[in-house]
Structures are given as C-alpha cells and as structure tokens.
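Report on the structure given below.
By convention in this document, chain letters (A, B, ...) are assigned in the order of the sequence lines, proteins followed by strands, and residues within each chain are numbered from 1.
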Amino acid sequence: MALGACPQECALPQVALLLLLAHLPTLTFFSSVKTEPKEHIKTEVEEPPPMEVTVKEEPVESEEEDKLVISEPVKEEPMEEEEDEVPLVSRARYHHNHQQEEEGDDDDDAPLPKAGKAAAAAPKEVGSPTKKAKKEEEPVWKWWEETKRDDGLKWTFLEHKGPLIADPYIPLPHHVKFYYNGEAMQLSSEAEEVAGFYARMLDHDYTSKEVFNSNFMKDWRKVMTSKEKEIITDLKKCDFRRLHAHFVQQNEERKNRSKEEKKALKEKNEALIAEYGWCNIDGHRQRIGNFKVEPPGLFRGRGEHPKQGMLKRRIMPEDIIINCSKDSVIPKPPDGHKWKEVRADPSVTWLACWVENIQGQTKYVMLNAASKLKGEKDWQKYETARRLHQTVDKIRENYKADFKSKEMRIRQRAVALYFIDKLALRAGNEKDEDQADTVGCCSLRVEHITLHEEKDGKEYVVSFDFLGKDSIRYQNEVQVEKRVFKNLQLFMENKQEGDDLFDRLNTQILNKHLNELMEGLTAKVFRTYNASRTLQEQLELLTNDDDPIPAKILSYNRANRAVAVLCNHQRAAPKTFDKSMANLQKKIDDKKEQIDEAEKECKSLKKAAKSGGSQKEKMAHEKKKKALERLKEQLAKLEMSATDKEENKTIALGTSKLNYLDPRISVAWCKKYGVPIEKVYNKTQRQKFQWAIDMATAEYNFMGEPMDISRSNDCDDGGDEDYE
DNA sequence: CTCCCTTATTCTGTAATGCTCAT
DNA sequence: CATGAGCATTACAGAATAAGGGA
C-alpha cells in the first residue's frame with residue numbers, strides 16, 4: 001500500500017516505507033474515533049460549500065484590524081480604484097514616458113499591451129474588499145488571466161530604487177579589545193571588522209575546522225596594516241572573546257528593547273521596504289525578493305567546502321549593475337558613488353547584479369516568489385511536468401529497451417535515467433575542484449554505490465551512499481531490475497574509487513536526449529513530476545472523507561512527507577526535539593487523565609439523571625458529556641500532532657511544498673475535503689500560490705490534460721471561486 | 001486578563017544546483 | 001565535444017516573529 005507512493009515499484013527509500021507502514025494503523029485508529037463535535041459534521045454536510053466557510057475563517061491580522069472591525073463591518077462592495085490603487089509608484093510617469101507602447105493602453109488597470117480578452121474580462125485587481133486596515137493588502141494582479149507574452153522578453157517597463165547597500169562599518173567602542181598573545185591590541189578599522197566576523201562565530205562549529213581557520217587567517221591578514229600583519233601571525237594566539245562577549249551582549253540588549261523601541265525599529269524597517277522593496281514592472285507594483293545587497297562576512301560553505309572561512313568582501317555601488325527601463329526613474333547611487341553600469345535589458349528578470357568574490361559568481365536582485373515573473377515560470381514548470389505524464393510510459397519503455405543497447409553510452413544513459421525517474425535523483429552536473437565534493441546522478445562515482453546480488457531476502461539490491469546538494473547525505477537501498485544490476489556491474493568493471501560510474505555520460509548528453517523525447521524535457525522535470533504525482537496519489541490514498549479536519553491534515557502532511565522522503569529533503573533534528581517531544585507526551589498523559597476523570601463523573605451523573613431524573617440533573621449530564629467529547633477531541637488532536645512531529649523529526653517538508661508540488665493539487669484537495677487553505681499554506685505561501693488558489697477547482701487533476709500556458713485559461717476547469 | 005517566558009512557525013539570507021548558450 | 005558565462009531555481013540554517021501556556 002505504502003508503495004503507492006513510489007513512481008514505480010519501490011521508489012521510496014526504506015525509511016519512508018517504514019514510516020508509512022508503521023503509522024498506518026495509527027491512522028486507521030484515528031479515523032475510526034467518531035467523536036467529532038457537531039460543528040464539524042455541520043461544515044461538511046450542510047449547504048454552504050466548504051470554501052465559504054474557509055473565507056470567513058481567514059485569520060484576522062491583528063490589533064489594528066480589531067479596532068476597525070468594531071467601528072463597523074465594512075460592506076461587501078469592492079471598493080473601486082481610488083485607494084486600492086495607490087501603490088503604483090509612478091504611474092503618471094509611466095504613462096507619460098511610455099510612448100513606444102502599443103495601442104490598447106487606455107485602461108488604467110491593464111497596462112500590459114497585449115492583454116487579450118482575458119484581461120478585459122478579468123475583474124481588475126481586487127484588493128481586500130472587507131477589511132480595510134491602514135496597511136492594506138496589495139491589490140492582487142491576476143496575471144494568470146492575461147495572455148502570456150511570447151516574445152521572450154520579461155518586461156517592457158521596469159522601475160526600481162536600486163538595491164539597499166550595507167551600512168558602513170562602525171568601529172567598536174574602545175573598551176572592547178582584541179588580545180593577541182595575552183596583550184590588548186587596537187586593530188585598524190578594517191582588521192577589526194573582519195576580526196568581528198570571526199568573533200561572532202566563536203561558538204559555531206566552523207571555527208573548529210582547520211580549513212575554515214586557515215582560509216580566514218589568510219584573508220584576514222590581507223586587510224591588516226603591515227604592522228598588524230607583522231604581529232598577528234598565529235590564530236591560536238588570537239583572543240576574540242571580548243569581542244564575542246560584546247556581540248552577545250548587544251544581542252541581549254536588542255532582545256530586551258522596550259516596546260517603543262521595537263515599534264520604532266519595525267517602522268523604520270517597513271519604511272525601508274516601502275522605499276526599496278518594490279518595483280514597478282509594466283505598471284504593476286511588485287515586491288522584490290532580495291533588495292538588500294549581501295553584507296560582508298565570512299563565507300559559510302556547506303559541508304567540506306574548500307573555501308569556507310574566506311572573506312566575503314563588501315559590495316560597493318561601483319560593483320553593481322542596475323537593470324531598468326531607459327524611460328524609468330533611474331535609481332540614484334548613494335552620495336559620492338556611482339553604479340558600475342546602468343543597462344536596460346528586458347530579456348532578463350534581474351534588477352541588479354554584482355560579482356561575488358569567493359566563487360566569482362554573479363548575484364542577482366530579483367522579484368519575490370509572488371510576482372508574476374516567478375509565478376508564471378512556476379506554473380509553466382508544472383505544465384511541463386504534466387506533459388511528461390502524457391509520454392512517460394513511452395519514455396520508460398524506451399529506456400528499458402536501451403538497457404540492452406549495444407552501445408555503452410546508451411546503456412549508461414538508460415540506467416542513469418532509470419535512477420532519475422525511480423529515485424528522483426538530481427541530474428548531477430560536473431563540479432570544480434574548489435567546491436564541496438557532492439554528486440548527483442550523472443556524477444556518481446563507483447564508491448557511491450554497492451551492489452548486492454542478494455540482500456535481506458531481496459535480489460539485485462543497490463545501496464547508495466553519497467553526499468548530494470548541500471552535502472546532504474543520500475542513503476538508500478533499492479531493489480532494481482536484473483538488467484540494471486548487470487549493467488551496473490558492467491559499468492564498474494575495471495574501475496576504482498574515484499572513477500565515474502557513468503563515464504560516457506554527462507548532464508548535457510542526457511538532457512539533449514531528453515529534449516528529443518519531449519520538448520522542454522530535462523532531468524529535473526522528472527523530480528517535479530514524480531514529486532507532484534506522489535502527492536496526488538498519496539492524498540487519494542490517505543484521505544478519509546469522514547475524518548475530522550485535524551486527521552485530514554495529518555494525512556496531508558503524510559502525503560507531503562512521502563514526497564520529502566522521495567526527494568531526500570532532510571533537516572537536522574531540532575536541537576530541542578527530545579525535550580519538546582517529552583513535553584507533548586506529558587500533555588497527552590495529562591489529557592488522558594482528565595478524560596478518565598471526566599468519564600467517571602459523567603457516568604455518575606448519568607446514573608443520577610436516569611434514576612432521579614430531575615431536569616437539572618439531566619442538563620448536568622448532557623453538559624458533562626459534551627465536555628468529555630471536547631476533551632477527547634483535544635486528545636486526538638494532541639496525539640495527531642505527536643505522530644506528525646515524530647515522523648517529521650529529520651524530514652523537511654518546506655522544500656517540496658515550495659518547489660516540487662503543483663499547488664493546484666493541494667488547492668483541489670482542500671476544496672474537495674473542505675479543509676481551509678490556511679491549514680496547508682501559510683500567508684506567504686498563499687501569496688506565492690495565488691494563481692493556483694484562484695484557478696484550481698476540486699476537480700483539478702495533475703495527471704490530466706496539460707494546459708497551454710501561452711494561450712492562457714481557455715481550457716481545464718475554469719474555476720472562479722474566489723478563495724483567498 | 002495580562003505578562004512573561006518558552007516553543008513553534010515563518011521569514012530571510014545566501015549557498016548550491018541545473019540548464020542554456022556562446023565560444 | 002569541452003568549457004565557462006549567465007541566469008534562474010532549489011536548498012538548508014539561523015534569525016525573527018508569533019503563538020502557546022503558565023503564573
């Protein structure tokens with residue numbers, strides 16, 4: 001049963017199987033406890049479609065909102081334009097200067113030149129109609145109802161304030177001293193700043209690593225004055241403890257700030273966001289993802305990174321390239337500074353970039369996940385995955401046939417693809433020497449797998465053990481087809497540790513082949529496809545229609561978890577895991593005790609009610625019964641979260657939720673089972689997946705007919721339920 | 001009910017990867 | 001084919017914030 005999670009016979013690593021199997025009984029147990037309170041039954045049975053209930057339940061923002069609500073429930077009518085539209089920074093300018101724009105730009109709200117029928121019909125940007133806090137929600141731009149532009153350009157108009165540069169260094173107070181060889185030493189500002197970076201990390205593992213320390217020392221010495229360089233030669237003689245203590249104290253003080261201070265700080269921060277956090281793209285205001293330039297610091301590579309500890313230098317305006325329209329207000333560099341360059345390249349999505357000094361890579365400032373540019377791409381990604389579904393059977397046949405090919409390179413390609421499909425491995429590009437030694441499928445080396453003709457009663461078992469992205473360990477034992485096994489033996493013949501398993505293959509070759517099988521197909525599409533498919537299948541399998549909401553959510557999380565396991569999304573067990581688990585357990589025990597007690601009381605009341613039979617006594621009994629039910633429900637919820645927590649100990653759900661699971665599957669599930677969307681997506685997630693929440697109905701099927709995104713919403717299930 | 005502290009969740013930061021295109 | 005630039009996506013850790021729970 002749990003095997004249903006796997007794309008094919010047994011894709012899930014063993015852990016997953018164990019987890020799912022081990023907990024299925026629990027699940028059944030819960031689903032059979034019929035103690036739902038009346039309201040629950042109602043929500044599910046009664047008229048108003050669940051969705052409506054949901055909308056009402058939208059958690060209210062906070063204090064301010066309360067005030068407003070008190071004053072008067074604002075009427076439903078969508079308040080037109082005026083206020084809601086404020087945010088467009090320089091609309092006037094935009095229209096003014098925007099002559100190269102084609103015709104159809106007469107509507108204030110549809111600045112996109114090619115907006116077709118969809119845009120015309122679309123209710124323009126609708127703000128939050130009811131609640132009207134002064135910090136109003138940004139009006140939603142339903143870009144998904146517009147026709148996608150097909151010229152490959154990302155924008156016509158782009159205006160922004162440029163990135164926010166890190167504050168200059170402020171030297172430490174004089175009493176905070178660095179000691180060398182037991183003696184206080186006043187460092188130059190430059191050397192002190194870098195010393196501070198190290199001091200901050202004093203109680204981190206990094207500072208106990210040799211590579212980190214030697215890289216640090218080397219770079220630190222580069223910023224020292226010649227005198228300092230002469231003196232400071234040995235890290236072991238450096239004493240950063242005063243600096244460290246200073247920073248700790250600073251943190252402490254920050255935490256203990258008064259309410260007023262905190263509020264002021266928050267406002268200041270919001271002002272910064274208001275100024276730098278937004279851009280105007282084709283007449284719409286959209287949030288920028290990372291508008292702050294990365295401040296200087298010590299490079300923290302993951303795993304055994306050869307460059308860990310190196311100094312990440314301060315980025316100055318002179319390093320930064322700005323990208324924006326010619327006719328926009330060009331961002332102003334800080335006083336006395338210049339940008340490296342200002343260009344207007346509408347073929348890319350970034351607003352600014354610079355080259356980072358550790359790896360020589362370019363870093364970009366881009367829009368945030370809720371933006372059209374990102375959302376459209378995301379949507380497209382899932383449509384590609386759905387197209388794969390249409391042809392995946394053929395592709396599988398195809399690579400299975402290739403297991404027998406006369407050509408080694410074809411066989412290797414086939415086996416690699418088999419792994420990518422079955423195990424959701426990453427493509428595995430080659431890497432440079434100066435990066436951490438991690439691999440993906442194509443870059444697997446012979447030492448990363450072990451072949452077992454037989455293991456634990458199974459034939460042809462391959463065990464994997466390697467470090468993948470972010471140096472996360474991948475360990476798995478998989479039973480494979482005999483042909484795959486024999487091929488692997490062949491590939492490994494006459495090879496030794498360090499040799500590539502697939503020596504006639506790399507990602508370009510593989511992707512080129514894939515592209516011939518299906519337009520737009522690359523190795524990573526399989527990951528997306530198998531992840532999303534697994535979610536949908538697991539949801540179907542695990543959800544019980546008549547479960548109360550918490551049980552449904554547990555099912556959802558389990559389905560999500562199956563995907564996370566498939567994709568090997570791990571996390572370090574939270575430091576306080578055991579403790580908090582024990583706490584939870586105690587709560588559960590307490591609750592059980594309460595229930596025991598309540599049960600006893602209930603029984604005696606029942607007796608009293610029956611024999612004596614006064615109205616009062618009956619009432620008392622009824623009351624107790626209800627209380628008891630409530631308690632039981634609370635207990636079920638607690639136990640639910642306990643299993644959920646336990647199962648989640650070292651598994652991270654976020655990554656798959658955010659990057660691999662077609663959000664329409666989740667939206668459809670919520671609609672189908674009357675689960676409020678907030679139970680599955682938090683606020684930012686709802687923003688990111690607005691397009692899906694808006695477009696998917698309960699009938700959405702990931703494995704159904706893909707949509708043609710470029711021609712927009714003229715197929716599929718034209719859902720129009722508003723559901724925020 | 002408020003306050004304070006602890007724990008859980010969300011958000012931010014930025015590293016690490018995938019993939020295409022030009023040379 | 002090999003290599004590297006360019007840019008976009010995916011990834012986890014840690015900081016920040018919110019929520020829970022006891023006094």
Side-chain angles (χ1 to χ4, degrees), chain A residues 59 61-62 154 201 204-206 251 254-256 259 262 265-266 269 273 289-295 297 299-303 305 307-308 312 321 323 345 347-350 353 355-356 358-369 373-374 377-378 380-381 426-432 435-436 438-443 467-472 504 506-512 514-515 520-525 527-528 531 564 567-572 574-577 579-581 583-584 587 590 641 645 648 652-660 681-685 687-688:
Chain A
E61 202 74 304
S62 58
K154 309 297 163 74
M201 299 176 69
H204 196 287
D205 279 354
Y206 275 117
N251 280 340
R254 198 174 321 153
K255 245 192 288 178
N256 295 332
K259 261 189 206 158
K262 277 183 184 165
L265 229 65
K266 197 178 169 191
N269 198 32
I273 294 176
N290 56 329
F291 60 88
K292 289 177 185 158
V293 168
E294 295 174 19
F299 176 74
R300 302 157 76 120
R302 317 261 166 84
H305 196 117
K307 294 191 169 183
Q308 66 192 100
K312 215 170 73 162
I321 301 175
N323 191 28
D345 180 357
S347 71
V348 294
T349 66
W350 51 269
C353 76
V355 174
E356 150 268 349
I358 304 288
Q359 328 225 43
Q361 285 168 345
T362 316
K363 299 266 187 163
Y364 302 91
V365 170
M366 291 181 195
L367 295 185
N368 92 341
L373 242 32
K374 295 283 190 184
K377 208 67 200 295
D378 210 34
Q380 198 169 48
K381 172 179 76 185
R426 295 188 186 83
N429 283 292
E430 297 97 39
K431 296 181 74 182
D432 291 340
Q435 294 173 289
T438 65
V439 299
C441 184
C442 293
S443 48
L467 296 182
K469 182 175 180 178
D470 287 322
S471 293
I472 297 293
R504 311 260 169 111
N506 61 38
T507 53
Q508 292 96 291
I509 296 173
L510 179 64
N511 281 336
K512 192 162 170 270
L514 290 176
N515 199 256
L521 185 60
T522 61
K524 80 195 265 285
V525 178
R527 237 166 114 81
T528 312
C567 295
N568 199 40
H569 290 141
Q570 298 194 25
R571 63 166 185 177
K575 287 181 201 86
T576 55
F577 184 86
K579 204 175 84 188
S580 72
M581 203 65 209
N583 280 347
L584 230 180
K587 272 194 217 159
D590 289 353
S641 63
K645 195 178 185 134
N648 246 5
L653 300 185
T655 303
S656 52
K657 201 182 222 180
L658 245 44
N659 300 302
Y660 287 100
Y681 289 141
N682 68 30
K683 190 166 149 202
T684 31
Q685 293 168 160
Q687 281 167 11
K688 166 167 180 171

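- Proximity note for A:Asn511 (side chain, C-beta onward) versus B:dT17, B:dT20, B:dT14: the nearest is B:dT20.
- Across B:dT14, C:dT10, C:dC7, the shortest atom-to-atom separation from the side chain of A:Tyr660 is found for C:dT10.
- For A:Arg527, the listed nucleotide lying nearest its side chain is C:dA11; candidates were C:dA11, B:dT20, C:dC7.
- A:Lys255 comes within contact range of no nucleotide atom at all, as no heavy-atom separation falls under 4.0 Å.
- Across all strands shown, A:Ile472 has heavy atoms under 4.0 Å from sugar-phosphate atoms exclusively, and none from any base.
- Comparing A:Arg302 and A:Gln508 along DNA chain C, the residue whose closest nucleotide (by nearest heavy atom) sits nearer the 5' end is A:Gln508.
- Looking at which nucleotide of DNA chain B each of A:Gln685 and A:Thr438 is closest to, the 5′-most match is held by A:Gln685.
- If you check every strand for non-hydrogen atoms under 4.0 Å, A:Ala523 touches sugar and phosphate atoms only.
- Where A:Arg254 and A:Arg426 each meet DNA chain C at their nearest nucleotide, the meeting point lying more 5' is that of A:Arg426.
- Looking at the side chain of A:Thr349, the nearest of the listed nucleotides C:dA11, B:dA15, C:dA8 is C:dA8.
- Closest contact between the side chain of A:Ala572 and the listed nucleotides C:dA13, B:dT10, C:dT10 involves C:dA13.
- In this pair, A:His305 and A:Phe299 present their aromatic rings perpendicular. The plane angle is above 60°, beyond the 30 to 60° band.
- Protein atom NZ of A:Lys469 is 5 Å distant from nucleotide atom P of C:dA11, rounded to whole Å.
- Using a 4.0 Å heavy-atom distance criterion, A:Gln359 is classed as a sugar-phosphate-only contact.
- Between C:dG6, B:dT10, B:dC19, one nucleotide has an atom nearer to the side chain of A:Tyr364 than all others, and that is C:dG6.
- Of the listed nucleotides (B:dG18, C:dC12, B:dC11), B:dG18 has the atom at the smallest distance from the side chain of A:Ala427.
- Taking CD of A:Glu430 as the start and CD of A:Gln435 as the end, the distance is 11.5 Å to the nearest 0.5 Å.
- Comparing atom distances between the A:Lys312 side chain and each of C:dT10, B:dG18, B:dT14 picks out B:dT14 as nearest.
- At the heavy-atom level, A:Gly289 lies nowhere under 4.0 Å from the strands shown.
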